[in-house]
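This report refers to the structure that appears directly beneath it.
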Amino acid sequence: MTAPALPEPSQPSPSPETEQPALIVIGSDDAPTCTDGACAW
Amino acid sequence: MYIDVWSDVVCPWCYIGKRRLETALGKFEHAADVELRWHSFQLDASHPQGHRAPVQEMLAKKIGAPPEQVRAMTRQVSELAAEEGLTYDLDNAVSVNTLDAHRLNHLAARHRLGDAMHERLLKAHLSDGELVDDLDTLVRLGAEVGVPEDEAREVLKGTEYAAEVDADFAEARRIGVNGVPFFVLNGKFGVSGAQSAVTFLSTLEKAYAKGEE
């Protein structure tokens with residue numbers, strides 16, 4: 001007699017963070033910004 | 001339509017980016033439907049509160065460059081600012097911790113004065129040589145744009161809105177913002193840095209069209 005098959009593990013629900021679509025970033029990569037403590041002077 | 005903007009009041013590119021966005025909005029057919037929401041991003045949250053240093057001196061120390069090289073760098077950004085109609089005076093700008101300025105900006109936003117307040121704070125630091133960590137200065141700057149003086153003083157004496165400043169920074173990190181200015185249109189389109197007005201306008205049009213779908 002074979003043991004009954006174990007139920008498939010349920011998939012974890014995606015967190016709100018992973019549900020949110022990534023931003024579509026527009027524009028050139030070299031537009032000047034300031035980052036932590038330093039600016040593209 | 002809404003635009004979320006992460007910025008610091010001591011960020012020279014943020015003021016330039018703000019002007020370029022405004023130029024684009026001036027040409028955007030649906031500008032009246034656009035709401036700007038300013039979010040806090042402290043470029044140097046570790047800057048000790050109460051510590052003040054001339055920007056030129058702070059930069060020289062940070063990048064290990066001689067004063068003449070620092071002056072050349074700040075002159076260059078000032079020239080670009082001038083192209084947008086802004087008068088920078090970085091020789092007299094003073095580097096400070098910006099937490100209280102951001103807390104004031106959150107209070108102003110509650111009065112629907114967030115954009116005017118951010119504009120005034122940027123100008124205060126980058127053009128007017130104001131101390132944007134000084135209680136009386138902040139209360140005065142707030143009053144200039146319509147924030148009730150008593151309320152501003154009470155908020156600034158305490159810690160109100162510090163959690164909102166932290167939350168803005170955490171949200172920036174969560175969506176991958178590493179530098180400012182950073183603009184998010186309708187939660188879908190990101191624009192990093194002081195892009196050209198042409199780029200802002202085309203992104204406004206894309207975001208609006210996407211929102212209409």
Side-chain angles (χ1 to χ4, degrees), chain A, chain B residues 4 6-8 10-14 16-17 20 41-47 55 58-59 62-63 65 69-78 80 90 95 174-196 198-200 202-204 206-207 210:
Chain A
M1 187 176 167
T2 53
L6 291 171
E8 288 287 319
S10 60
Q11 292 293 317
S13 343
S15 71
E17 282 188 26
T18 53
E19 276 183 318
Q20 190 163 324
L23 287 175
I24 302 162
V25 179
I26 291 176
S28 62
D29 292 340
D30 57 354
T33 60
C34 293
T35 54
D36 300 344
C39 292
W41 295 94
Chain B
D4 291 293
W6 276 265
S7 168
D8 197 352
V10 294
C11 160
W13 294 114
C14 296
I16 292 172
R20 290 178 179 172
F41 190 102
Q42 280 192 273
L43 284 168
D44 188 3
S46 68
H47 186 109
V55 163
M58 179 273 292
L59 277 175
K62 187 160 276 178
I63 62 174
Q69 189 182 331
V70 171
R71 268 196 296 276
M73 283 159 44
T74 56
R75 198 180 311 122
Q76 194 181 0
V77 76
S78 298
L80 286 167
L90 297 172
S95 178
R174 194 185 70 74
I175 64 171
V177 177
N178 294 311
V180 287
F182 195 93
F183 307 79
V184 178
L185 288 77
N186 273 351
K188 290 190 181 74
F189 296 90
V191 178
S192 175
Q195 300 274 353
S196 68
V198 171
T199 298
F200 279 121
S202 70
T203 312
L204 282 164
K206 273 193 191 87
K210 191 81 181 167

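Every chain is numbered from 1 and lettered A, B, ... according to where its sequence line falls, protein lines coming before strand lines.
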Next on the checklist: For Phe182(B), which atoms come within 4.5 Å of any heavy atom of chain A: side chain, backbone, both, or neither?
Outcome noted: side chain
Next on the checklist: Do Ile63(B) and Met73(B) have side chains that approach each other closer than 4.5 Å (heavy atoms only, starting at C-beta)?
Outcome noted: yes
Checklist entry - Do Thr199(B) and Ser28(A) have side-chain heavy atoms sitting under 4.5 Å apart? => result no
Checklist entry - Picking from Asp8(B), Thr74(B), Val70(B), which has the most non-hydrogen pairs under 4.5 angstrom with chain A? => result Thr74(B)
Next on the checklist: Between Pro181(B), Gly176(B), Gly190(B), who has the most heavy-atom pairs with chain A when the cutoff is under 4.5 Å?
Outcome noted: Gly190(B)
Next on the checklist: Which atoms of Phe200(B) are under 4.5 Å from chain A, going by heavy atoms: the side chain, the backbone, both sets, or neither?
Outcome noted: neither
Item to check | Note, Ile16(B) side chain near Val77(B) side chain (heavy atom, < 4.5 Å) | outcome: yes
Item to check | SG proximity flag Cys34(A)/Cys39(A), limit 2.5 angstrom | outcome: yes
Checklist entry - Can you find a pair of side-chain heavy atoms, one from Ile24(A) and one from Lys210(B), that are under 4.5 Å apart? => result no
Item to check | Region of Gln76(B) in contact with chain A, defined by heavy-atom distances below 4.5 Å | outcome: side chain
Item to check | Region of Val184(B) in contact with chain A, defined by heavy-atom distances below 4.5 Å | outcome: side chain
Checklist entry - Are the side chains of Val180(B) and Trp6(B) in touch, meaning some heavy atoms are under 4.5 Å apart? => result yes
Checklist entry - What part of Ser196(B) is in contact with chain A, defined as an atom under 4.5 angstrom from a non-hydrogen atom: side chain, backbone, both or neither? => result neither
Item to check | Top contributor to chain A interface from Pro12(B), Ser7(B), Ser95(B) [non-hydrogen pairs under 4.5 Å] | outcome: Pro12(B)
